[in-house]
Amino acid sequence: MIKSKKDMFQKSPETLTYAIFFALILLLQYCTPQAKSGRLKNGDLLFVTAKETGLSGAINNVTQKQKEASFDHIGIVEKENNHWYVLHAAPKGGSRKQELKSFLTDQSADGQKVIIYRLKPEYQKSISAALTKAESMLGKPYNFNYILDENSYYCSDYIERAFREDHIFKLEPMTFIDPKTGKTNEFWAEFYKKKNLKVPEGEPGCNPNGLAASDKLEKIGEL
């Protein structure tokens, strides 16, 4: 028996419900990243909240400067051809240019939040040159020793270098002292022992918490 066109296009209530449900899912998947990126401006800095344990906790233990927030990673956002990217130096992939959606998924999977910071108006003119510099440093490996060199970068080092020409951030003597004990943090003592390196106490460097504390930045909110 041949069905009429009317019969072919009739759908049961259940079928219509499923169709509407999947349409909403697709709409949310498309709109959520768009809504999030709506708060961003080219050159904004994304700070990732620190974990309490492991390398993240160890970084935070010796660098935390703000009571209400602590960070263990940072990247800079760039809008290109109507797409948002995060330029950052990470253990996975080294200095890389990652789609914003992928970057946010990675942080969410680790239970970490992303906080937007923005250069104050009088420093916005530095962004164009900083992004050009950041692009030029892509492809370099990650610096797992956290001792400055010209062949590899860690996250805050990558950002400090991007803005170095305009002196937006500054290098400071690094410390690996646990403020609770006054001694070298046990994690870092063991970390450098395994590498047969001396703990670089007092050597120049930077960290996400130090950059977030800059008076040249203003906090925008959570992404």
Side-chain angles (χ1 to χ4, degrees), residues 33 37 40 42-51 53-60 62-63 70-81 83-117 126-166 168-172 174 176 187-188 190-192 194-197 199-200 203-212 223:
S37 64
L40 290 174
N42 211 36
D44 280 352
L45 297 171
L46 302 185
F47 287 83
V48 179
T49 56
K51 298 179 182 178
T53 58
L55 177 61
S56 176
I59 292 172
N60 187 52
V62 297
T63 66
S70 56
F71 307 106
D72 71 356
H73 191 60
I74 179 177
I76 183 171
V77 296
E78 180 178 28
K79 189 174 186 180
E80 185 177 77
N81 297 324
H83 292 283
W84 288 97
Y85 298 91
V86 182
L87 283 67
H88 63 125
K92 180 182 177 180
S95 298
R96 58 187 297 212
K97 186 173 184 176
Q98 185 177 11
E99 288 189 356
L100 174 64
K101 182 180 179 181
S102 172
F103 178 86
L104 294 177
T105 298
D106 286 348
Q107 314 317 318
S108 178
D110 288 336
Q112 294 169 280
K113 298 179 180 179
V114 177
I115 310 299
I116 308 168
Y117 279 72
S126 300
I127 289 174
S128 178
L131 288 171
T132 298
K133 178 64 176 177
E135 289 273 1
S136 75
M137 295 187 291
L138 294 175
K140 289 291 185 72
Y142 188 75
N143 183 342
F144 285 97
N145 292 333
Y146 304 102
I147 300 172
L148 297 180
D149 68 56
E150 299 302 318
N151 299 310
S152 60
Y153 312 122
Y154 54 87
C155 68
S156 54
D157 169 32
Y158 179 81
I159 299 300
E160 186 277 328
R161 288 174 188 266
F163 286 96
R164 184 175 292 180
E165 183 176 334
D166 288 327
I168 298 300
F169 302 109
K170 60 181 179 180
L171 298 175
E172 298 179 325
M174 292 190 294
F176 298 85
F187 177 96
W188 291 114
E190 186 65 21
F191 180 88
Y192 284 105
K194 289 179 179 179
K195 293 176 176 289
N196 292 316
L197 293 171
V199 176
E203 293 295 317
C206 54
N207 61 77
N209 284 318
L211 270 57
L223 182 59

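With sequence neighbours excluded, no residue forms a salt bridge (Lys or Arg N to Asp or Glu O under 4.0 Å) with K133. For F169, the ring pair (Phe, Tyr, Trp, His ring centres under 6.0 Å) partners two or more places apart in sequence, or in a different chain, are F163. The salt bridge (Lys or Arg N to Asp or Glu O under 4.0 Å) search around E135 returns K97, not counting sequence neighbours. Every residue meeting the salt bridge (Lys or Arg N to Asp or Glu O under 4.0 Å) condition with D44, not counting sequence neighbours, appears here in chain and number order: R118. When the salt bridge (Lys or Arg N to Asp or Glu O under 4.0 Å) test is applied to E99, no partner is found at least two apart in sequence or on another chain. Partners of F103 under the ring pair (Phe, Tyr, Trp, His ring centres under 6.0 Å) rule, at least two apart in sequence or in another chain, are H88.
The aromatic rings of F71 and F47 are tilted relative to each other, their planes meeting at an angle between 30° and 60°. Taking the six-membered ring where tryptophan is involved, the planes of Y142 and F144 are perpendicular, since the angle between them exceeds 60° and thus also 30°.
Within the 4.5 Å cutoff, side-chain heavy atoms of L40 are placed close to those of L100. Looking at heavy atoms from C-beta onward, D106 lies out of side-chain contact with K92 at the 4.5 angstrom threshold. Contact of the E160 side chain with the L171 side chain is registered, since non-hydrogen atoms from C-beta on lie closer than 4.5 Å. Residues I76 and V86 fail the side-chain proximity criterion, which asks for heavy atoms closer than 4.5 Å.
Atom CE in M137 sits 8.5 Å away from atom CG in L87 (nearest 0.5 Å). Going from atom OG of S128 over to atom CG of N42 covers 8.5 Å, rounded to the nearest 0.5 Å. Atoms CG and CE, on N207 and M174 in that order, are 9.5 Å from each other to the nearest 0.5 Å. Note that CG of D72 and OG1 of T49 are 7.5 Å apart. Values are rounded to the nearest 0.5 Å.
Checked against a 6.0 Å centroid threshold, the rings of Y192 and F176 count as neighbours.
Closest approach of H73 and P208 over heavy atoms only: N-CG, 3.7 Å. Residues Y117 and A212 share a closest heavy-atom pair of CE2-O, 3.7 Å. For L131 against V77, the heavy-atom pair with the smallest separation is CD2-O, 3.8 Å. Taking both residues in full, the closest heavy atoms of W84 and K79 are given as CZ2-CD, 3.6 Å, listed atom of the first, atom of the second, then distance. Closest of all the heavy-atom pairs between V114 and V48 is CG2-CG2, 4.4 Å. Taking both residues in full, the closest heavy atoms of S156 and C206 are given as OG-O, 3.0 Å, listed atom of the first, atom of the second, then distance.
Of the candidates L148, N145, I159, L148 is the only one forming a side chain to side chain contact (heavy atoms under 4.5 Å, CB included) with Y154.
No side-chain donor-acceptor contact under 3.5 Å links D166 to the backbone of I168. Judged by distance alone, the side chain of Q107 and the main-chain N or O of K113 form no donor-acceptor pair under 3.5 Å. With D149 contributing its side chain and N151 its backbone, the two residues share a donor-acceptor pair below 3.5 Å. The backbone N or O of R161 lies less than 3.5 Å from no partner atom in the side chain of D157, so there is not a single donor-acceptor pair. Remark: the backbone N or O of A50 is not paired with any side-chain donor or acceptor of S70 at under 3.5 angstrom.
For K170, the NZ atom sits in a loose shell: 12 or fewer heavy atoms of surrounding residues, nucleotides or ligands are nearer than 6.0 Å.
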